[in-house]
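Each remark here refers to the structure printed beneath this line.
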Number of protein chains: 2
Amino acid sequence: MAPVRNAKVIFNEIPTGYPEPGKTTVYDASSTIDLETVPLNGGVLVKVLYLSADPYMRGKMRDASIVSYSPAYAIGKPVYGFGVGKIVRSESEQFKAGDIVHTPLLEYAEYSIQTHLQYLDKVNPEPGLSLSVYVGALGMPGKTAYFAWKEFSKAKKGETVFVSGAAGPVGTFVLQLAKSSGLKVIGSAGTEEKVSLVKDLGADVAFNYKTTDTEEVLKSEGPIDIYWDNVGGSTLDAALGNAAFHSRFIECGMISGYNNKEGVHMKNLMNIVARRISMNGFIQSDLSSTWSTEFNRLVPKKLVSGEIKFTEDISKGLEKAGDALLEVQTGKNNGKKVVLVAED
Amino acid sequence: MAPVRNAKVIFNEIPTGYPEPGKTTVYDASSTIDLETVPLNGGVLVKVLYLSADPYMRGKMRDASIVSYSPAYAIGKPVYGFGVGKIVRSESEQFKAGDIVHTPLLEYAEYSIQTHLQYLDKVNPEPGLSLSVYVGALGMPGKTAYFAWKEFSKAKKGETVFVSGAAGPVGTFVLQLAKSSGLKVIGSAGTEEKVSLVKDLGADVAFNYKTTDTEEVLKSEGPIDIYWDNVGGSTLDAALGNAAFHSRFIECGMISGYNNKEGVHMKNLMNIVARRISMNGFIQSDLSSTWSTEFNRLVPKKLVSGEIKFTEDISKGLEKAGDALLEVQTGKNNGKKVVLVAED
């Protein structure tokens, strides 16, 4: 069979601010691949179907000498992240052509050779759900929300939780978990459309942090027993200023700091001591051994039944991936950002 | 019997910066008390022997409308804190004249009427130890160190701990616990004399943060697995910048912020997420039910034998109390600051 196109999204240069399509990342349609003869080295050849665009990926667009929880992207190589694909050819006994698989290491490309088989999971698609859900509510964001809520929240009925980034794939999941546990939920987001979504999902208080002062909202609606932090920065400071005694801060992300290195002026860190606050940073894979069985048993059915709602924002075509990566940094996406590379 | 003098240290006005003797606190020798007839309302009359001067007391010198973990001092009333005294007269069956008692509510005065008997503990003095130790290594500072180290450190042999304020009564205790568990200990303090003490107590690395850059020390001697924070501020930021993955931050105090309200510029908060750090604020009484039995069984004997060393810095006379309260804020004290009010 003749070689076919294998377009890729290349990490082109380290950004100082937001990752710019065409500069930070470059769509390159010049490569080809021979699906029948390309060497697999004991691995599998995957046709890429859905790619996940996630905020954490900005952290990988850094100088490789800076240590963090996941390696830096290599300049000149494709970006990679969570994704779902279909096996075209396999040199492993574990997988066969036609299998649907999920991995955190899927290249932003039309085809990807996977040799790190320990990270490759076979997906048994839940009837009634799109495969895209396996990078969203059933993937890293859903697991992030579920695992850490279970592990760290110590939620009690009648308590108050504040969720920043409440309209995102993690935030929407968290606020529904909190509501179903009988908590008062305060959610913030950055557009009126997102605020509406947060309200529709059951938040008691939803506000646009760009037009309403977070500090004022928390002062009148708090104190807060739990803070689910997706944004860090001055929002974290406001949460600390309005924290209840023995409150739990779940440090999921700090997107306010991903695109600038200037730091933030904090006035309320002292409350960590004075109000005996616990703060926990985490990534979901740390908590997987404790919570994934329960997650896999309960969550897919709740998504099908609509008991837990989720929203997706799908960009069609790999050539849109650079824009997708920027949107999740600026907050332009509505719902889980997914890049549809191929239907099947 | 004729009334006797009952000198007091009055909380005179709310300080904006450091608590100034003669301004923030005023020594007032004009009161008298009739030890035989003063009404006790079911409580006890205590002759004050030793008073503890502690950094946390600055937090009580605030506007009473600001909520914190312990109530504000009332203007015009005596300062109070941890102390040891002897019962002169009792209207309670639990206590009798001559009993030595400890309470967190002892007034800065020569005599104090105690009616909150639930906070009053009888002391059975350990032979070989001064009663002053019951406000130091056997009191709140010692319990603070021991309880939280046991609860939060998850210390493993070979790990590295950084202790700020390492020459203080909590810091010296912590660094000895860490050394005895086989950790590498980095300690910081603010004078050469204190740095010597920290070295003498076994720290592997001891430095004067006023003349040596904390960031540089941690960069070459870290990363740190545990940070015992007594100071907060830029030292906390440096610790976050040099934290190992899954490191534990024990948030005991933030004295750098007690005397100014300007806040601090933080550059490394993001590492709470990126390096999956846990941070815990606490006060020792929260952890008492878990750890006090073990503490009382093991620690007094270790102090007598010298296995755990402690240092005291005793101010003689209640009229020195205002200076003592200032010294624990500026760091002029060497060892646990205690005010000796009466020998017996």
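Since the structure is predicted, the reported quantities are computational estimates derived from the model, not experimental observations. Chain letters run A, B, ... following the sequence lines, proteins first, then strands; residues in each count from 1.
Chosen from B:Asn271, B:Asp229, B:Val264, the residue pairing most often with chain A at heavy-atom distances under 4.5 Å is B:Val264. Top candidate by heavy-atom pairs under 4.5 Å with chain A, chosen from B:His265, B:His246, B:Glu251, is B:His265. With chain B as the partner, the residue from A:Asp237, A:Leu236, A:Asp286 showing the most heavy-atom pairs under 4.5 Å is A:Asp286.
The contact between B:Ile277 and chain A is made entirely by backbone atoms, counting heavy-atom distances below 4.5 Å. Heavy-atom distances place no part of A:Asn268 under 4.5 Å from chain B, backbone and side chain included.
The side-chain heavy atoms of B:Tyr56 and B:Phe82, taken from C-beta on, include a pair separated by under 4.5 Å.
Side-chain polar atoms of B:Lys336 and B:Ser52 form a donor-acceptor pair below 3.5 angstrom.
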- prompt: After noting the C-alpha distance and the side-chain angles of A:Tyr146 and A:Glu294, does the key distance pass the side-chain hydrogen bond (donor to acceptor under 3.5 Å, both in side chains) rule?
  reply: CA-CA 10 Å; A:Tyr146 193 90; A:Glu294 179 179 307; 2.6 Å; yes

Salt bridge (Lys or Arg N to Asp or Glu O under 4.0 Å) evaluation trace for A:Glu215 with A:Lys267: CA-CA 12 Å; A:Glu215 176 73 27; A:Lys267 289 191 298 184; over 6 Å; no

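Classified by interplanar angle (parallel below 30°, tilted 30° to 60°, perpendicular above 60°), the ring pair A:Tyr227/A:Phe249 is perpendicular.
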